[in-house]
2 protein chains.
Amino acid sequence: MIVRQAANILEIMEFFAQTKKPATLAEIADHFGWPRSSTFNLLATLSEKGYLYEPRPRGGFYPTPRWLAMARMVSEVEPLPPWTHALIAELSAETGETASITAPSGLWAVFIDVVESQAPIRYFATIGHRVPIHAAASGRALLLQYSREERDALYRKIEFRQYGPSTPISIEAVETELRNSTARGYCQSFGDYSRDLAGAAIPLPIGDRRLSVVVAGPEFRIGPKVPEVAALITRTVDRLRPKSAA
Amino acid sequence: MIVRQAANILEIMEFFAQTKKPATLAEIADHFGWPRSSTFNLLATLSEKGYLYEPRPRGGFYPTPRWLAMARMVSEVEPLPPWTHALIAELSAETGETASITAPSGLWAVFIDVVESQAPIRYFATIGHRVPIHAAASGRALLLQYSREERDALYRKIEFRQYGPSTPISIEAVETELRNSTARGYCQSFGDYSRDLAGAAIPLPIGDRRLSVVVAGPEFRIGPKVPEVAALITRTVDRLRPKSAA
DNA sequence: GCACATTGTTCACATATGTGAACAAGATGT
DNA sequence: ACATCTTGTTCACATATGTGAACAATGTGC
């Protein structure tokens, strides 16, 4: 069950992150098509808890810096080492595609850092974006770091869906693709989950954390270049990763 | 009406900001005394929206960097100039008390930046904290920047409560205190809102924004020194504020 | 390797919650 | 200064939502 009002306050914050200016109750209500009264309750709750304020009289609401203070506190734990951001920045610049770091989360691979392509047609992904762990290059690069027992535990929960023509829809299909990936030296996907999307990924263990790097873009553009993109990822990781780290 | 589930996800985030480590469903449910099933729904909602993930298998949930990305986006609009943080940092260091920048929000003054005292007994305030605009030194320093008409509009909505012996409980009492503050050169409060709390504040207009600086602490410690603290605030603002700015 | 304890997940129902309609307060234009 | 339009606020009721109990899956100790 999705908790509507919990989701709504995230929507409100995302709205402010986009518009980047104060908004009145009426504007917010209209934007989402919510009743005034419901919007009123939400804004009152956020204000009372100190997360929203009215910068100027009748000038509408805006988030307080409290969000930033809170986000900083949670993010200073286990921050990604700086070289990982440099890594995806460089990969994105070299390839012109979107590059990301992903982490496992149950049955999903979650994007925890993203540098977007600048191309007009591009893979639009944001931090927090999720893809099924077995049906994406990034996810399979995570699965490669699991033991067979751990993977089996996941497989039991997955309901295999045919997202696209090439989606692996059985445990065996996934395991086969993993073996192929090991032989090949990288993971790849051609629309396995998202239509028209292709990408290359490799595992990126850091300390005891299981992460992966992925470069992805429209199939027509990146498709033929997947092997060379994969090679570039490998080379760049080798160069940027400190020798001391595992 | 307070929207419970909206407030709850803020509670969850604050919980993570405090503990700074992943927590399982059971831990969170126990901490708040929530039913497992309700907690499950909340965590599922946050995960689905990309705000929570499970860093390692069966290792519990933790917020994704998406919070940080979002908070950064909203906060890069109208950031406070750097010298304001230097200002309260210096004031806190010099006085040993808590120093803050506040902004108006309807009937409240909201703390938008805070440097806490290091003393064991101290004014504990966080970014987002709110005090009634008419019953606190910081708030009155904001009111001084309003026109009489604007203040009247606020007065109509205030329900005057006797928070402490010295709380101004009428429009006239507030206006008198404002006139005294102007004559005195600074705003002060001795337990007007919070028991045992005293403070000094002055207006701090920046561009078209109406802000204030306040230094506050336990009455027994800061009480006798309020005039000299106020003088220190004024001097320090004069020194740090760029001459070009209004 | 089995029994027990703990954690995670589903579902039907009682009840807490969102909302439409009516009202109040401000803003806008003449 | 008045009438009109827009925005903000309250409240009672219909209904969407939280939750207890029962179940499943996983971890732990012997």
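Keep in mind that the numbers below use all heavy atoms, side chains included, and drop hydrogens, waters and symmetry copies. Order of the sequence lines sets the chain letters (A, B, ...), proteins ahead of strands, with each chain counted from 1.
Atoms CZ (Arg36(B)) and P (dT7(C)) sit 6 Å apart, rounded to a whole Å. A straight line from CG of Leu107(A) to C1' of dT9(C) spans 13 Å, rounded to a whole angstrom. In this structure, Ile28(A) atom CD1 and dT7(D) atom P are separated by 13 Å, rounded to whole Å. Rounded to whole Å, the distance from CZ on Phe40(A) to C1' on dA25(C) is 13 Å. Taking atom CG on Leu42(B) and atom P on dT9(C), their separation rounds to 14 Å, with Å as the unit. A straight line from OH of Tyr155(A) to C1' of dT26(D) spans 19 Å, rounded to a whole angstrom. Nucleotide dG18(C) holds its C1' atom 16 Å from the CD1 atom of Ile9(A), rounded to whole Å.
Checked for salt-bridge contact, Arg140(A) and Glu175(A) miss the test: no charged N lies under 4.0 Å from a carboxylate O. A salt bridge between Arg210(B) and Glu150(B) is present, with a side-chain N of the basic residue lying under 4.0 Å from a carboxylate O of the acidic one.
Contact of the Ser189(A) side chain with the Leu197(A) side chain is not registered, since no non-hydrogen atoms from C-beta on lie closer than 4.5 Å.
One finds no side-chain N or O of Arg4(B) lying less than 4.0 angstrom from the OP1 or OP2 phosphate oxygen of dA16(D). Contact between the side-chain N/O atoms of Arg156(A) and the OP1/OP2 oxygens of dT26(D) is found at a separation under 4.0 Å. Between Gln5(B) and dT17(D), a side-chain N or O to OP1/OP2 separation shorter than 4.0 Å is absent.
Of the residues near DNA chain D, Val3(A) and Asn41(A), the one whose nearest nucleotide (by heavy atom distance) lies more toward the 5' end is Asn41(A). In terms of position on DNA chain C, the residue among Ala153(B) and Trp34(A) whose nearest nucleotide sits closer to the 5' end is Trp34(A). Each of Arg58(B) and Lys157(B) has a nearest nucleotide on DNA chain D; the 5'-most of these lies closest to Lys157(B).
The aromatic ring centroids of Tyr62(A) and Phe16(A) lie less than 6.0 Å from each other.
Relative ring orientation between His129(B) and Tyr123(B) is described as perpendicular, the plane-to-plane angle rising above 60° on a 0-90° scale split at 30° and 60°.
The side chain of Ser38(A) lies closest to dG18(C) when the candidates are dG18(C), dG8(D), dT7(C). Side-chain atoms of Ala26(A) lie closest to dT7(D) of the nucleotides dG8(C), dT7(D), dG20(D).
For dG18(C), the base has no donor-acceptor partner in the side chain of Ser37(A) [N/O atoms by modelled type, under 3.5 angstrom].
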